[in-house]
Amino acid sequence: MPMDERYEPSKIEPYWQAEWDRAELYDTREDRARPKFYVLEMFPYPSGDGLSVGHLHNYVPCDVIGRYKRMAGYNVLHAMGWDAFGLPAENDALLKGRHPKETVPRYAANFKRQLKLVGCAYDWKREINSSTPEYYRWTQWFFLLLHQRGLAYRATGSQWWCEKCRTILANEQVVNGCCWRHTDTQATKKDLEQWFFKITEYADRLLDDLEGIDWPEPIKLMQRNWVGRSEGAELAFPVVGHPGKEVRFFTTRPDTVFGVSFMVLAPEHPLVAEIATAAQRSAIEEYVTAARRQSEIERLSTVKEKTGVFTGAHARNPFNGKQIPIWIADYVLMGYGTGAIMGAPGEDQRDFEFAGKYGLEIPVVTAPADGSAAPADGSAAPAGRAFADYGVNINSSNSELDLNGMKTADAIRAVCKYAGEHELGRPTVSYRMRDWLISRQRYWGCPIPIVYCPRDGIVPVPEAQLPVVLPDMTNYQPSGTGRSPLANAPEFVNTTCPRCGGPAQRETDTLDGFACSSWYFLRFASPHYDRAPFERAMADYWLPVDLYVGGAEHAVMHLLYARMWTKVMFDAGLVKFKEPFAVLRNQGMIWAADGQKMSKSKGNVVTPDAMVEKYGADALRLWELFMGPFEEPTNWNEEGVVGTARYLSRVWNAMRRFVEAGGPAGNPTAETTRRAHKTIQTVTDHIERLRFNTALATLMDQLNYLMKLSPEQAGRFAFESYAVMLAPLAPHLAEELWRALGHTTSVHLEPWPKFSKELARDEMVTVVVQVNGKVRDRLQVAAGATAEANTALALASESVQRHLDGKPPKKIVYVADKLVSIVA
RNA sequence: GCCGGGGUGGCGAAAUGGCAGACGCAGAGGACUUAAAAUCCUCUGGAGCGCAAGCUCCGUGCGGGUUCGAGUCCCGCCCCCGGCACCA
């Protein structure tokens, strides 16, 4: 078929997109003779702004992998869906006065149109939307599963609250301690009964199973730090004058127990009210109120000076009988450990600062193990800071226990043993991670399938009655009471108890959006199955995900929650894998040309629509791939698209010249054949390793080479394999080239080209000759030449002789086919 | 403050411890054209030497080190980006 004189993407791209749809080219096939490959990108929230070229830096590379794997012989599952519940949609709805039920599908349709516009190949028959009853029915089902397994419970949690909005605020809606809409109104905390998932029960497994998955190390590290496992001891000191009352606390350094000079309780600690003396009461109350106004990040800031208030009460350290003051301070959090600590200022920098500020004693009980700079006995800490490292105990003994001279690790064991024998405490593991608060006082979310019955209490909605449908409210403004807008829908709230049939009320909170995204990867395996969240056989076949791609901003929460749910499913016998994502990669963020985040308000958004119109979808795709390493962030630069568009034009012209010459088998030289095979080898390797930028550079290089040859010299193999390799990268142009080469089937059904290692091997190599570390000559020699031969050639070089200047070589380093390094 | 990732031409970037700057953008010169666009060819890190082919020196944030050889490994700094957690 003859080719047009010029490459005009606007003529060919819509044609092939329609053709692929018609041929159902990207429908998932389940050919059991082929291995499966499940590639997935984190499903997006379909915003009204549509996709930017920044988003495509995730979708285009995944599309390339999906297309490549299909050609390489895999059954590929690659589908797309919408994470459509949540705060952004609800805010957008309140702002524009349009119901999310109407806007979400419209926005999603726009995303879909844009993805099709750039030629991304998804199996759209598997499209899912987390805000549809067909989907969230099963999110509710999972809630019931967790509830049934004792992993969902109710407890008090505090939430930010704005007195003017009369509504709950998300963390991100609190700016400088005030409401985002009312910058003059201090946000306060409101206590509410809410639902939690017991993710802490999975803490150790979430840590241990990181070992077996291929994820970026920084992400694994962030997860480990988030879980924050630490080993230590839980001890208890009795409160003086309050028989039966004690301060229980966790410490990682029980060895420093002889150096405790005070205790600190979190301001919220229940013991505070009981033990505070009358004289201190008002100061305490004032401090507690102030502490509750701060965000956690503020409270935990290291740059801020430590503050606290004395309760007036004392505790007795049972290890040495000392009476020590009990304080409260905001640097101790109720949510970690037991909400209390022992103050060992000689060995903990925070305690050191606190003791310094309030004139508390600073005993020293640990000395450096090497004996250097051993602090003087007594109360003065050395060098103006705590000695927090492990060392050797000093000043640490009572009549039964003598730690002096013991190394820290041994002293820890000794204290734990002693504490156990005297019922003072026990070794404990503590975690930084807290349980997952899943209640949201919002309208646009998945209703929690729970009913409150005056007779039967908390009753889960039976599975057969799912879904609990989100009512179609016209007024989803905040309720003003702190409850979700659903509380304003009596037809929703008022129901009958599933157990006794009597009048009852529905739970009005909705589920955290992270619940929807904790299982969606399973839904794609059987998206229309209506008897369970997924069809077992399909899940067994497709899961786990072979390549999961998304931004590093989801390093912790989403990925941790999805991992936890998967483990719950495993425990329930629903799936046979423990980890949902075998391989994870993070694409680099694309900033706008001005280095800022692309956003409509900044007016720096570049849309795929504009780029496709100007340069074509293939050119845009190629620039997304070529602009830099896939995992590195970079700034958008439109001028680069000119380059990839020009490259595609050159491909077109080269192919046209070849086809017009009759597409000859030709008689390529060994070198030309070698280059063709080596190109396949390199491109294959680089795509496998997600190094799309260098894969493309290799193809550009090869094109430059082919253009210097006549069609006869280049030969058919070079051009055919070239067109096939272009298929995942520039899918529209590749179809056109393939057809021009005389084929009648889609290039996307072709097998990935094979190369011969034998033929790809270099015949001639450049051996670099160095004298004293500087390059002085280059030898063009046959690959595999002997060390003797190459060394002799190197020494014979005129330039080498000149730089040796008559001196005899002292040493010669030889690297086969690479280098002769002469040291004179 | 802590943790993680970076710093290479005018720009985006290449480079298993072995030729620094592949590939592209921008720029300069030339060919084609009445002209322009498009396309094609040549040059393009800095300094110096040479009529010339070419040659020499310097150069991967800064300062040290290891090595025959360092953009790459080690130690100490500076700057930028991301994340967050004073976690007892």
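Atom set for the values below is all heavy atoms of this structure, side chains included, hydrogens, waters and symmetry mates excluded. Letters A, B, ... mirror the listed sequences (proteins, then strands); counts begin at 1.
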- Task: Considering only atom P, compute the distance from rC51(B) to rG71(B) and round it to an integer number of Å.
- Result: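 It works out to 34 Å between them.
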- Message: Under the rule for ring pair (Phe, Tyr, Trp, His ring centres under 6.0 Å), what residues qualify as partners of F249(A), not counting sequence neighbours?
- Response: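 So F249(A) forms a ring pair (Phe, Tyr, Trp, His ring centres under 6.0 Å) with F237(A).
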- Message: Could you work out, with ring pair (Phe, Tyr, Trp, His ring centres under 6.0 Å) as the rule, every residue matching F310(A), not counting sequence neighbours?
- Response: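 F310(A): ring pair (Phe, Tyr, Trp, His ring centres under 6.0 Å) contacts with H314(A), W327(A).
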- side-chain contact (heavy atoms from CB on, under 4.5 Å) partners for A610(A), two or more places apart: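 Scan of A610(A) (side-chain contact (heavy atoms from CB on, under 4.5 Å), adjacent residues dropped) gives T607(A).
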- Could I get the full list of side chain to side chain donor-acceptor pair (under 3.5 Å) partners for T251(A), not counting sequence neighbours?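 So T251(A) forms no side chain to side chain donor-acceptor pair (under 3.5 Å) with any residue.
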Could you pull out the protein-nucleic contacts involving nucleotides 4-8 of chain B (nitrogen or oxygen on both sides, under 3.5 Å)?
none

- Hey, could you give me each pair passing salt bridge (Lys or Arg N to Asp or Glu O under 4.0 Å) that has a residue in residues 814-824 of chain A? Not counting sequence neighbours. none
- Got a sec, which pairs hit salt bridge (Lys or Arg N to Asp or Glu O under 4.0 Å) with one end in residues 634-654 of chain A, sequence neighbours left out? K614(A)-E638(A)
- Note on the structure: salt bridge (Lys or Arg N to Asp or Glu O under 4.0 Å) filter on E5(A), not counting sequence neighbours, yields none
- Message: Taking the basic N atoms (NZ, or NE/NH1/NH2) and the acidic carboxylate oxygens, is any pair closer than 4.0 Å for D762(A) and K678(A)?
- Response: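 Yes.
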- Are E798(A) and R802(A) ion-paired here, with the side-chain N under 4.0 Å from a carboxylate O? yes
- Query: Under 4.5 Å between any side-chain heavy atoms of V642(A) and Y615(A), yes or no?
  - Reply: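 SC-SC contact between V642(A) and Y615(A) confirmed.
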- Would you find more than 12 non-hydrogen atoms of other residues, nucleotides or ligands less than 6.0 Å from R6(A) atom CZ?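 Check fails, neighbour count at 12 or below.
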- Query: Given Watson-Crick or G-U pairs with both distances under 3.5 Å, what dot-bracket string fits RNA chain B, with | for other-strand pairs and [ ] for crossing?
  - Reply: (((((((..(((.....[....))).(((((.......))))).(((((....)))))..(((((..]....))))))))))))....
- Message: Any base atoms under 4.0 Å from S430(A), or only sugar-phosphate, or nothing? Heavy atoms, all strands.
- Response: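 Answer is nothing: S430(A) stays at 4.0 Å or more from every strand.
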- Scan residues 768-779 of chain A against RNA chain B and write down, sorted by residue number, each residue with any heavy atom closer than 4.0 Å; if none is found, say none. V768(A), Q770(A), K774(A), V775(A), R776(A), R778(A)
Would you mind writing out the side-chain donor-acceptor pairs for residues 252-266 of chain A within the sub-3.5 Å range, not counting sequence neighbours?
{"from": "R253(A)", "atom 1": "NE", "to": "D255(A)", "atom 2": "OD1", "distance (Å)": "3.0"}
{"from": "R253(A)", "atom 1": "NE", "to": "D255(A)", "atom 2": "OD2", "distance (Å)": "3.3"}
{"from": "R253(A)", "atom 1": "NH1", "to": "A388(A)", "atom 2": "O", "distance (Å)": "3.0"}
{"from": "R253(A)", "atom 1": "NH2", "to": "D255(A)", "atom 2": "OD2", "distance (Å)": "3.1"}
{"from": "T256(A)", "atom 1": "OG1", "to": "R253(A)", "atom 2": "O", "distance (Å)": "2.8"}
{"from": "S261(A)", "atom 1": "OG", "to": "E361(A)", "atom 2": "O", "distance (Å)": "2.7"}

- Reading 5' to 3' through nucleotides 21-33 of chain B, protein heavy-atom contacts under 4.0 Å coded B for base, S for sugar-phosphate only, - for none: -BBSSS-------
